[in-house]
Structure formats: C-alpha cells, structure tokens
Amino acid sequence: MKTEPDVFSFDDLVKAKKRTTPWEGVRNYQARNFMRDHMKVGHQVLVYHSSCEVPGIVGLGEVAREAYPDKSALDPNSEYYDEKAVKDPSRWVHVDVKGTARLTKPLSLAELREIKGLEAMLVLRRGMRLSIQPVTDAEAKIILKLGKPAAL
DNA sequence: GCCAACGTTGGC
DNA sequence: GCCAACGTTGGC
C-alpha cells in the first residue's frame, strides 16, 4: 500500500491510536476493488513511501478491519470529498491498517529493482501508479528476509 | 519542476 | 461507445 510520507507516513501509522488507521482517500476503482474484494483481516501489508526523497518499502502492517465506507468522501471539508458518494456511500470504501513492524533495512525502489525474484513486482513497472497492489507470497518472503523487520 | 503514463470526463 | 482533453501520479 502506497502512501506519501508528507501526508501520512509509516511513523504516523505507528503513532496512531492502536497503531491503526482507516486507509482513507483512495479514489481509484482498481485500488478500491482490491481493498473491498481481496483484503481480509490479518492479511499482511507492505507499506511503501512514494513521492518522497527515497521511495521504497519501509514497514509492515496487517489488515485490521475489512472494507467499509470511507467517511472522508462524505465530508465537504475533506480534500477527499466526493459529492457522488453522498447518495452512494459505498462508492468509496477502505480497510483499516495496523502497523506491525518496521523494516530495519528499508528497501528503496532503487534497491528493489536490483533484487532477484522481484522483477515482476508491479511497483517496479514503469508508469505504475496504482496505490494498492497485490504482492505474491514469494515476493513478500524475499522482502521480509532482506528488510529485517523489527516488531513494534 | 519536468514529463511520461495513465485514469477520468464529457462531447459527440 | 469512441476518443480528445484534461487531471493526477510519481520517479527523476
């Protein structure tokens, strides 16, 4: 799951109440569908920092709650407000994510590109903007091994 | 700040 | 339903 650290960083997640946050603001159907249809409680999440000095995977989390309506879409004062969601609150949904571990060896995008076995990762694909992407078990295994996660 | 790549919108 | 125009993402 990508996040811009200037907006919401992995540290912010760690500092959040119960280290858990509603993953608000996703306004892309593919990403929404992925949360809604595939992310179940307990599923592991890789947290990726984008649009920052060193983009890359910095931490781990887990799905703490299955998809439910994103209330930021209903708040006219939110930058994520969507008037179309007022009539249809299930238009935008999100899961809750709980931070579980920090990578003591964060894996930058540049490093990820060099790691054997990760060649097919979507995040490495040119022009890949999807903010929530599936990761295979094999890929996750490699990342967990190299990233040396420290439980929170 | 640039710009390629992509998603969305809206006229037809 | 097509597709041009536009807006956004995100690495560099």
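Every value quoted in this text rests on a predicted model; they were computed, and no experiment measured them. Here is the naming used below: chain letters follow the sequence lines, and residue numbers restart at 1 for every chain.
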A.B. asks: Starting at atom OH of A:Tyr80, determine the distance to atom P of C:dT9, rounded to an integer number of angstrom.
C.D. replies: 9 Å
A.B. asks: Rounded to the Å, how far apart are A:Leu109 CG and C:dT9 C1'?
C.D. replies: 14 Å
A.B. asks: Measure the distance from CZ on A:Arg113 to C1' on C:dG10 and round it to the nearest whole Å.
C.D. replies: 11 Å
A.B. asks: Please report the distance, rounded to the nearest Å, between NZ in A:Lys2 and C1' in C:dT9.
C.D. replies: 7 Å
A.B. asks: Does A:Arg36 count as lying over the ring of A:Phe34, i.e. NZ or CZ under 6.0 Å from the six-ring centre, within 45 degrees of the axis?
C.D. replies: no
A.B. asks: Quick check on C:dT9: is either OP1 or OP2 less than 4.0 Å from any side-chain nitrogen or oxygen of A:Tyr48?
C.D. replies: no
A.B. asks: Verify the ring-centre separation between A:Trp92 and A:Tyr81: is it less than 6.0 angstrom?
C.D. replies: no
A.B. asks: In whole angstroms, how far is the P atom of B:dG1 from the CD atom of A:Glu53?
C.D. replies: 16 Å
A.B. asks: What residues, two or more places apart in sequence or in another chain, satisfy side-chain hydrogen bond (donor to acceptor under 3.5 Å, both in side chains) together with A:Tyr80?
C.D. replies: none
A.B. asks: May I have the distance from A:Leu130 (atom CG) to B:dC6 (atom P), rounded to whole angstrom?
C.D. replies: 12 Å
A.B. asks: Which residues, ordered by chain and number, are linked to A:Leu46 in its hydrophobic cluster, where ILVMFWY side chains connect at heavy-atom gaps below 4.5 Å, directly or through other members?
C.D. replies: A:Tyr48, A:Ile57, A:Leu60, A:Leu103, A:Leu107, A:Leu109, A:Leu112, A:Ile115, A:Leu118, A:Met121, A:Val123, A:Leu124, A:Val135, A:Ile142, A:Ile143, A:Leu144, A:Leu146
A.B. asks: Would you mind reading off the distance between A:Asn28 atom CG and C:dT8 atom C1', rounded to a whole angstrom?
C.D. replies: 11 Å
A.B. asks: Quick one: A:Arg32 CZ to B:dG7 C1', roughly how many Å, whole number?
C.D. replies: 14 Å
A.B. asks: Among C:dG11, B:dT8, B:dG7, which is the nearest nucleotide to the side chain of A:Arg129?
C.D. replies: B:dG7
